[in-house]
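Please read the structure below before turning to the comments.
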Amino acid sequence: MRGRDGRVRDYTAGMADLETRAKVPANGTVRIGSHTKTFAATVVLQLAGEGKLDLDAPIEKYLPGVVRGNGNDGHRITIRQLLQHTSGLPEHTNFPTLFGIRHTYFEPRDLIDKALTQKPQFAPGKSTAATIRTATTPTRAESW
């Protein structure tokens with residue numbers, strides 16, 4: 001965290017290991033799974049509120065060329081549809097080996113590419129599918 005004086009300070013709390021009582025490292029990571037959707041949606045809505053992002057714009061505007069393949073088209077899917085789980089994008093976790101690799105880190109692009117090997121679940125805006133994949137696409141707010 002950057003203080004008013006401009007200095008950067010790292011803060012941690014708790015223990016990384018209850019047995020050894022090791023402290024949480026300042027550069028540590030935490031797997032938060034589906035809770036990511038809440039954080040991503042909050043940032044997206046903040047950017048929209050600041051006028052930096054249009055919820056009704058196609059995702060192609062902000063992530064050109066990312067959502068294309070097998071009938072999936074970023075020109076036809078809006079940011080609002082991603083947030084409302086109505087984009088129709090296929091699930092990237094519909095694979096029988098997912099449980100065995102649940103603690104493996106994947107680059108967001110790899111998950112998107114894996115999902116886009118499948119056809120859309122439905123036309124954008126025509127149904128709802130609350131899934132893990134929805135928040136994966138807008139992964140980096142700084143790229144918007």
Side-chain angles (χ1 to χ4, degrees), residues 1-4 6 8-19 22-144:
M1 181 173 173
R2 185 175 305 278
R4 288 194 172 111
V8 175
R9 295 171 180 84
D10 294 317
Y11 298 97
T12 64
M15 292 177 271
D17 187 316
L18 295 175
E19 287 184 27
K23 292 182 177 183
V24 175
N27 65 346
T29 59
V30 177
R31 184 178 181 280
I32 63 171
S34 284
H35 297 295
T36 305
K37 288 184 261 189
T38 304
F39 293 104
T42 299
V43 171
V44 168
L45 292 173
Q46 286 174 333
L47 290 170
E50 294 170 5
K52 296 178 181 175
L53 183 140
D54 178 1
L55 294 175
D56 296 311
I59 57 175
E60 182 72 16
K61 176 178 179 178
Y62 302 100
L63 299 169
V66 172
V67 179
R68 290 190 190 156
N70 288 319
N72 298 287
D73 184 357
H75 291 97
R76 297 179 55 224
I77 300 168
T78 67
I79 295 170
R80 184 181 308 276
Q81 289 169 333
L82 285 175
L83 294 175
Q84 294 178 333
H85 305 278
T86 60
S87 69
L89 286 175
E91 178 60 70
H92 73 275
T93 60
N94 269 348
F95 304 99
T97 59
L98 180 66
F99 187 77
I101 58 172
R102 69 187 182 281
H103 297 296
T104 304
Y105 175 79
F106 293 96
E107 288 292 331
R109 181 69 224 202
D110 293 337
L111 294 174
I112 292 167
D113 289 345
K114 190 144 186 107
L116 296 179
T117 64
Q118 303 170 73
K119 295 192 178 304
Q121 293 179 321
F122 48 83
K126 299 299 180 189
S127 188
T128 301
T131 62
I132 296 170
R133 144 275 307 146
T134 309
T136 304
T137 305
T139 55
R140 300 189 187 227
E142 67 269 14
S143 69
W144 296 15

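Residue numbers run from 1 in the order of the sequence given.
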If you take all heavy atoms of [X] and [Y], which pair is closest and at what distance?
X	Y	value
Ala13	Val24	O-CG2, 3.3 Å
Ser127	Phe122	O-CE1, 3.3 Å
Ala115	Pro90	O-CG, 3.0 Å
Arg76	Pro124	O-CB, 3.4 Å
Ala26	Thr12	CA-CG2, 3.6 Å
Gln118	Lys114	NE2-O, 4.1 Å

Is there a side-chain contact between Leu89 and Ile112 (heavy atoms, below 4.5 Å)? no
Interatomic distance, CG@Leu82 vs CD@Gln84, rounded to 0.5 Å, equals 10.0 Å
side-chain hydrogen bond (donor to acceptor under 3.5 Å, both in side chains) contacts in which one or both residues fall within residues 64-74, not counting sequence neighbours: Glu60-Arg68, Asp73-His75
Scan residues 117-129 for pairs that pass salt bridge (charged side-chain N to carboxylate O under 4.0 Å, His left out), counting only residues two or more places apart or in two chains. none
Name all residues meeting the side chain to side chain donor-acceptor pair (under 3.5 Å) criterion together with [X]; count only those two or more places apart in sequence or in a different chain, and write none if there are none.
X	answer
Glu19	none
Asp113	Arg109
Asp56	Arg80

For residues 41-48, which side-chain N or O atoms pair as donor and acceptor with protein atoms under 3.5 Å away, sequence neighbours left out?
residue, atom, partner, partner atom, Å
Thr42, OG1, Thr38, O, 2.8

